[in-house]
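Here the structure comes first, spelled out in structure tokens, and everything after it is commentary.
Note that the numbering runs from 1 along the sequence shown for the chain.
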Amino acid sequence: MKSKHLLLGGAFLLAAWLALFGDKTPASDIASPIAGKERKITPNKDVKSTHKAPESGTNPSTMQKNTTEPLIAQLINREALLGEQSNQDLKTSSLFHSQTWTPTLAPVKIIPQAAQLPVAPPIPFSVLGKKWEDGIWEVFLGRNEQTFIVREKMILDDLYRIESIQPPTLTLTYLPLNQVQVLTIGSSD
């Protein structure tokens, strides 16, 4: 691994020496724009190079250098390129305006419906068990931390009345709306 470090260190020193003492003169002068006649460049026309490739059999050291400078067109104003449009027109007819691929939907007509009848909430009790004693069914119901022992015709929390207990169901009525609900309690094993 030592030879690898020495090789990398040598490459680093060579790069540092070239950065500090290397030739820093530019390769060519900066070309100036064409004076006088304004020239338009269109993207469809081919641009021809003014440099010629050396012919075969000629010595490159004896060839004359091409003395023609490259032509650079002057800048063209934005209005001339895009046409005489106002800034507002440019914003609305931009080349890169936002697009959406989602189809536009027809406006939705809201049809008033008759007032829906209120519905009783779901039964808040869970069945903990049931018992048959002296010909009467008792069901143990739970809600949160409370346990209720219910029989037929009992009222729970002034909201539910137990109508009938006939396994596998318990029928009760939600009193504020007078709606009957059924709770499954299991078979009468």
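L128 and W132 end up in different hydrophobic clusters when Ile, Leu, Val, Met, Phe, Trp and Tyr side chains are linked at under 4.5 Å. The same ILVMFWY cluster, assembled from side-chain heavy atoms under 4.5 Å apart, contains both L18 and F21. Cluster annotation: L183 is connected to L159 through the hydrophobic network of ILVMFWY side chains, with a link wherever side-chain heavy atoms come within less than 4.5 Å. Hydrophobic clustering of Ile, Leu, Val, Met, Phe, Trp and Tyr side chains at less than 4.5 Å, counting indirect connections, unites L20 with L14. Grouping the Ile, Leu, Val, Met, Phe, Trp and Tyr side chains by contacts below 4.5 angstrom, directly or via other members, places L156 with L177.
By the side chain to side chain donor-acceptor pair (under 3.5 Å) test, T102 is found to be paired with T100, residues two or more places apart in sequence or in another chain being considered. Residues meeting the side chain to side chain donor-acceptor pair (under 3.5 Å) test with E133, sequence neighbours left out: K131. Scanning for ring pair (Phe, Tyr, Trp, His ring centres under 6.0 Å) contacts around F140 gives an empty result, with sequence neighbours left out. Every side chain to side chain donor-acceptor pair (under 3.5 Å) that R143 has, sequence neighbours left out, goes to Q146, D157. Residues meeting the side chain to side chain contact (heavy atoms under 4.5 Å, CB included) test with I155, sequence neighbours left out: D158, R161, L175.
Within 6.0 Å of CD1 in I149 there are 12 or fewer heavy atoms belonging to other residues, nucleotides or ligands.
The closest donor-acceptor contact from the side chain of K130 to the backbone of S187 lies under 3.5 Å.
The nearest pair of heavy atoms linking E163 to K153 is O-NZ, 3.5 Å. Smallest separation of non-hydrogen atoms from Y160 and P124: OH-CD, 3.3 Å.
Distance check: I162 CD1 to W137 CH2 gives 15.0 Å after rounding to the nearest 0.5 Å. Between the CZ atom in F125 and the CG atom in N144 there is a gap of 10.0 Å [rounded to 0.5 Å]. The CD atom of Q166 lies 7.0 Å from the OG1 atom of T171; values are rounded to the nearest 0.5 Å. Expressed to the nearest 0.5 Å, how far CD1 of I165 lies from CD1 of I185 amounts to 6.5 Å. In this structure, S164 OG and L170 CG are separated by 7.0 Å, a value rounded to the nearest 0.5 Å.
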Take L141 and V127, measure what side chain to side chain contact (heavy atoms under 4.5 Å, CB included) needs, and give me the verdict at the end.
CA-CA 5 Å; L141 300 177; V127 178; 4.1 Å; yes
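Applying the side chain to side chain donor-acceptor pair (under 3.5 Å) test to every pair with at least one member in residues 174-184, sequence neighbours left out, gives no pairs at all.
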